[in-house]
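All heavy atoms count here, side chains included; hydrogens, waters and symmetry mates do not. The model shown is predicted, which means the values in this text are computed figures rather than measured ones. For reference, positions follow the sequence shown, starting with 1.
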Amino acid sequence: MPVTVATVSLPTYTVRERPDIEAIGPLIDEAVCKNFGQAEERALAMRGISLIDHPGHTHDSLAEVIIANGTDRYDPERKSQLHGAYDPHGVELHVGYCAVSATSLRSLRPDPSPTFLGTISQSPFAKNVSDFYAGPPLDRGGVPLRIDLITVYDPDHLEGIQIPFHGDEQPPYSACRFKYPDRRQDALLGLIKVL
């Protein structure tokens with residue numbers, strides 16, 4: 001099955017200052033619906049990626065690597081920022097699960113959780129944009145991140161992992177691994193370049 005590659009142009013989306021999550025999030029939601037929605041609602045797993053975490057790559061070059069490998073975790077020698085906490089549990093990626101149709105995108109989290117900015121948003125990507133902006137300084141001592149690419153996965157190809165320090169997180173679990181590690185590309189439905 002061919003991988004869908006789409007783009008959404010958001011020239012005002014930067015992390016030099018706090019992004020307007022309620023303006024940006026719905027535009028990304030709309031791009032997901034337009035490119036991955038269908039008449040009947042279906043579940044998808046999505047992962048935001050920042051080019052800052054992939055030095056030397058552009059939107060296009062990283063997209064090529066992801067399509068070839070099925071994941072942005074393409075270099076076994078390169079460790080994720082929080083590898084010490086997650087690698088012992090076999091975590092390969094973190095994703096957010098959503099239900100998408102041609103006209104709507106909604107989170108599959110059991111209870112709405114607040115953004116780092118303290119608000120509850122109806123837009124799944126408003127929450128993601130907020131988390132990428134405010135989360136890295138708190139959880140890894142890093143700089144705010146911009147979502148530059150979004151990978152879209154078939155959740156049937158992923159296996160959720162319950163992480164003890166995630167508290168009482170209920171399925172679907174955000175930490176996961178590929179069910180079929182030798183067929184990671186089969187899990188990838190597509191990606192969206194956020195330009």
Least distance between heavy atoms, [X] atom then [Y] atom:
X      : Y      : result
Leu189 : Arg42  : CD1-NH1, 4.2 Å
Pro172 : Tyr97  : CB-CD1, 3.3 Å
Gly190 : Val3   : CA-CG1, 3.4 Å
Glu41  : Ser101 : CA-CB, 4.2 Å
Lys193 : Val5   : CE-CG1, 3.8 Å
Pro136 : Asp131 : CD-O, 3.4 Å

Could you walk me through whether Cys98 and Phe36 pass the side-chain contact (heavy atoms from CB on, under 4.5 Å) test, one step at a time? CA-CA 11 Å; Cys98 289; Phe36 297 95; over 6 Å; no
Is the His89 to Tyr173 ring centre distance short of 6.0 Å?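 Aromatic pair excluded; centres sit 6.0 Å or further apart.
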Can you give me every donor-acceptor pair (side chain of residues 152-163, partner residue at least two apart or in another chain, under 3.5 Å) with its distance?
unit_1	atom_1	unit_2	atom_2	d
Tyr153	OH	Gly70	O	2.7
Asp154	OD1	Asp156	N	2.8
Glu159	OE1	Arg177	NE	3.1

More than 12 heavy atoms of other residues, nucleotides or ligands under 6.0 Å from CD of Gln38: is that the case?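 Yes, because the 6.0 Å sphere around CD of Gln38 holds more than 12 heavy atoms from other groups.
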Taking CD in Glu30 as the centre, count heavy atoms belonging to other residues, nucleotides or ligands within less than 6.0 Å. Is the count above 12?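 Check fails, neighbour count at 12 or below.
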Report yes or no: do Leu195 and Ile28 belong to one cluster of Ile/Leu/Val/Met/Phe/Trp/Tyr joined by side chain heavy-atom distances under 4.5 Å?
no
Linking I/L/V/M/F/W/Y whenever any side-chain heavy atoms sit under 4.5 Å apart, do Val143 and Tyr13 land together?
yes
With no hydrogens and no angle check, is any side-chain donor or acceptor of [X] less than 3.5 Å from a backbone partner on [Y]?
X      : Y      : value
Gln185 : Ile67  : no
Arg184 : Phe178 : no
Ser61  : Thr58  : yes
Asp148 : Leu51  : yes

Just how far is it from atom [atom1] of [X] to atom [atom2] of [Y], taken to the nearest 0.5 Å?
X      : Y      : atom1 : atom2 : answer
Thr14  : Tyr133 : OG1   : OH    : 9.0 Å
Ile150 : Leu191 : CD1   : CG    : 9.5 Å
Asp29  : Ser104 : CG    : OG    : 9.5 Å
Leu188 : Asn69  : CG    : CG    : 10.0 Å
His54  : His59  : NE2   : NE2   : 11.5 Å

Using side-chain heavy atoms (C-beta onward) and a distance below 4.5 Å, is [X] in contact with [Y]?
X      : Y      : value
Val100 : Met46  : no
Val8   : Ile192 : yes
Ile147 : Val129 : yes
Asp72  : Arg47  : yes

**Prompt:** Where do Leu27 and Phe125 land on the side-chain contact (heavy atoms from CB on, under 4.5 Å) test, with the steps shown first?
**Reply:** CA-CA 9 Å; Leu27 294 173; Phe125 274 98; over 6 Å; no
For residues Ser174 and Glu169, is any side-chain donor paired with an opposing acceptor at under 3.5 Å?
->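 Judged by distance alone, the side chains do pair up.
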- request: Walk me through it: do Leu62 and Tyr74 pass the test side-chain contact (heavy atoms from CB on, under 4.5 Å)?
  value: CA-CA 10 Å; Leu62 186 55; Tyr74 49 85; 3.8 Å; yes
